[in-house]
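For the numbers below, each heavy atom of this structure counts, side chains included, while hydrogens, waters and symmetry mates do not. Indexing begins at 1, ligand by ligand and atom by atom, following the structure's order. Please read these numbers as outputs of a predicted model, since none were measured by experiment.
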Amino acid sequence: MAELKVENLTVSVDSKVIIEDVSFNVRSGEVLALMGPNGSGKTTLFMSIAGHPKYNIVKGRVLLDNDDLTTLLPEERVLKGIMVAFQTPIAVPEVRLSTLITAMVNKMNGKKLTDPAPPSLVNNLVKGVQEVGLTPAHLSRGVNHGFSGGEMKRSEVLQLLMVKPKIALIDEPDSGLDVDGIFAVGKALLNLVNSGTGIVLTTHSARILHILKPTRVLVLSKGKIIAEGGLELVEEIEKIGYENFLKVRSR
Ligand SMILES: Nc1ncnc2c1ncn2[C@@H]1O[C@H](COP(=O)(O)OP(=O)(O)OP(=O)(O)O)[C@@H](O)[C@H]1O
């Protein structure tokens, strides 16, 4: 059983405090939904947990299984078991998607990046591309090279399915996806959770949360957690919008 603990995290970017005193935890097999209006700090929180050098941790700690990761490099955090699926993934045209995934899985298993794909990965990839609604042809293309918005999202989820990290931080997995895509990605993420990964995800839509049924929902506003609860918070936000939700909470 893995557990990510974020303790009293305060984060600044270019000397501006974006995240203030945020604490939460998530365990294997749990889904935590991180909601909040545009610009509330969701991506900043993920990037600082992942160790991106642009994000300065002013205060607080990031722990995985009580192991303090706060000062580790991003790649060291990945090896410990924390993986991010990006809101806006970058394209790497010169590296095939299958090569990237093989290198990631090899690295996680203590092998050389350039070792051949183990037979189990080859089988999993065949199933995985179907599961997320991509085709085998996508595996032979450069990473996100010419991929549509929705295909990039599906590719991010495919990478998570193959690596099976202890904890996945997933930034808007449903943005740009058509209805069938949301269903496929939602089901794939549910399988990932059932295989033991703990998930924190951001979204601006309730649809994927109806599939994933989060254990807890956190609402971030101006870098602070202002509400914590269950799916009822998502329903309330859908009904009255963030502006009214925040007004009601600040009374
Ligand atoms: N270098 C910077 N200087 C000032 N403000 C910054 C800087 N970098 C980021 N910000 C601000 O930090 C805030 C949080 O951004 P972040 O991307 O974390 O929000 P978000 O909750 O993920 O938003 P969205 O839902 O739109 O994706 C935004 O208001 C952004 O403009």
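- The shortest separation from a heavy atom of His204 to ligand 1 is under 4.0 Å, placing the residue in contact.
- Ion pairing of Glu30 with Arg216 is present here, as a side-chain N (NZ or NE/NH1/NH2) and a carboxylate O approach within less than 4.0 Å.
- If you chain together hydrophobic residues whose side chains sit under 4.5 Å apart, Met35 and Leu169 never meet in one group.
- Close N/O approach between Lys16 and ligand 1 is not found [any backbone or side-chain N/O within under 3.5 Å].
- A 6.0 Å sphere centred on CD of Glu243 holds no more than 12 heavy atoms belonging to other residues, nucleotides or ligands.
- Numbered from 1 in the order shown, with element, the atoms of ligand 1 that lie under 4.0 Å from a heavy atom of Glu172 read 25 (O), 27 (O).
- Put simply, part of Ser40 is less than 4.0 Å from ligand 1, judged by heavy atoms.
- Residues Leu209 and Leu201 form a side-chain contact, since some pair of their non-hydrogen atoms from C-beta on lies under 4.5 Å apart.
- Between Thr202 and Asp171, the side chains place a donor N or O and an acceptor N or O closer than 3.5 Å (distance only, hydrogens not considered).
- Evaluated by nearest non-hydrogen atom to atom 20 (P) of ligand 1, the leading choice among Gln87, Met35, Lys42 is Lys42.
- Inside a 4.0 Å radius of atom 31 (O) of ligand 1 there is not any protein heavy atom.
- With a heavy-atom cut-off of 4.0 Å, Asp14 touches ligand 1 through its side chain alone.
- Within the 4.0 Å heavy-atom shell around ligand 1 one does not find Lys54.
- For atom 16 (P) of ligand 1, the closest heavy atom belonging to the protein is Thr44 OG1, 3.6 Å.
- Closest to atom 17 (O) of ligand 1, if we only count protein heavy atoms, is Thr43 CB, 3.6 Å.
- Checked for salt-bridge contact, Lys80 and Asp67 meet the test: a charged N lies under 4.0 Å from a carboxylate O.
- Between Asn38 and His204, some side-chain heavy-atom pair lies under the 4.5 Å cut-off.
- Between the side chains of Glu151 and Ser155, not a single donor N or O lies within less than 3.5 Å of an accepting N or O.
- Ranked by closest heavy atom to atom 14 (C) of ligand 1, the top entry among Ser221, Ser175, Gly223, Gly39 is Gly39.
- Taking only non-hydrogen atoms, the option from Leu34, Thr203, Asn38, Ile18 nearest to atom 9 (C) of ligand 1 is Ile18.
- Each of Leu121, Asn124, Leu125, Asp115 was checked for a side chain to side chain contact (heavy atoms under 4.5 Å, CB included) with Val105, and the lone residue meeting it is Leu121.
- Atom 8 (N) of ligand 1 has as its closest protein heavy atom Val13 CG1, 3.7 Å.
- By the 3.5 Å distance cut-off applied to N or O atoms, Gly36 is not counted among the residues near ligand 1.
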